[in-house]
Amino acid sequence: MFDDLTDKIYEAAFVPELWGDALEAAGSLSGSATGAIFLFSADSPVRGRLSDVSPVHGNSLRSVFDEFVASDGWKFSDAVQRMCSMQPASFVQVEDFLTAEEVERDPVRIQLRAAGIGAHVCSAVAMPSGELVTFVFQRWMKDGTYDRASVDRLDQLRPHFARAGMVSARLGLERARATVSALETIGLPAAVMTASGRVLTANSLLEEMTEMFLPTAYGGMAIANASANALFQQAILENRNDFAVRSIPVAANESRPAVVIHLLPLAAPHMTFSPARTSWLLQRK
């Protein structure tokens with residue numbers, strides 16, 4: 001059974017739709033109601049996958065999960081902030097690192113208690129890219145806290161979770177690179193950016209346009225033309241809240257013809273961790 005479960009975890013790294021089944025199986029092994037994998041990044045909203053849950057409780061738990069990944073409410077959660085700060089290298093009971101008052105007032109925990117969820121265990125894996133992957137398992141309130149044997153079972157799985165989480169995060173970046181590489185083959189300069197405007201990857205056609213694009217702080221980029229850059233930066237800002245397609249004209253100058261920059265949202269539901277919110281490419285007028 002344990003070997004079958006580790007196989008599921010590694011399969012999920014390459015087929016994200018399988019995470020739900022893998023997390024559910026690990027949850028059953030540890031007496032958990034739910035399990036989840038999350039990726040926290042300074043550049044993008046939190047992303048993740050939830051275990052498969054029974055139809056009886058599925059709607060309420062899925063609703064809490066969807067709100068968690070869609071909003072910034074987790075930033076006000078003492079539990080989430082504590083675990084992200086600690087980055088526990090083994091599974092720990094989250095309540096051991098919170099006061100009773102912190103547990104009681106935590107906005108995420110309030111929602112989960114309403115859905116019947118009580119005790120949490122968590123472990124974290126820091127990515128070389130600076131992102132943080134966390135694995136969280138939760139019990140029904142009626143089942144009380146985690147016993148040592150249940151936590152030990154999850155710790156046996158942790159090395160496999162860690163490796164699979166790193167593969168998932170890495171695959172997201174590799175798909176971003178494949179996107180701009182494919183556009184290069186048809187002659188289009190292109191880049192992929194995070195929600196905050198940091199350039200994840202760009203193809204060589206765009207990198208050669210040094211007179212048009214200027215590097216900025218924290219890995220960002222600006223357009224040398226002031227009026228076009230104002231529209232560009234505004235589009236990046238607005239893209240954090242919507243997924244609209246935008247086209248920005250850039251006037252010609254003595255060294256190049258006029259171009260149009262197209263900003264296209266990247267929606268990748270098949271990926272565990274989509275690394276970016278926006279891709280952009282140039283088209284000559």
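Residues Ala222 and Gln233 approach most closely at CA-NE2, 3.7 Å, considering heavy atoms. Considering every non-hydrogen atom in both Ala79 and Leu98, the closest pair reads CB-CD1, 3.7 Å. Heavy-atom minimum distance, Leu50 versus Ala36: CD1-CB, 4.2 Å.
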- Task: Go through the steps for Phe161 and Tyr10 under the test ring pair (Phe, Tyr, Trp, His ring centres under 6.0 Å), then give the verdict.
- Result: CA-CA 8 Å; Phe161 277 132; Tyr10 288 117; 9.5 Å; no
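Ion pairing between a basic and an acidic side chain is recognised when a charged N comes within 4.0 Å of a carboxylate O; Lys8 and Asp4 show no such pairing. A salt bridge links Asp155 and Arg148; the closest N-O separation between the charged side-chain nitrogens and carboxylate oxygens is under 4.0 Å. Salt bridge Arg109/Asp78: absent, no basic N to carboxylate O contact under 4.0 Å.
Taking the six-membered ring where the residue is Trp, Phe135 and Trp19 present tilted rings, their angle falling between 30° and 60°.
Under a cutoff of 6.0 Å and an axis angle of 45°, Arg139 and Tyr146 form a cation-pi pair.
A heavy-atom distance below 4.5 Å is not found between the side chains of Val136 and Val121.
Taking the six-membered ring for Trp, Phe40 and Trp74 have ring centres closer than 6.0 Å.
Going from atom NE2 of His120 over to atom CD of Glu95 covers 7.0 Å, rounded to the nearest 0.5 Å.
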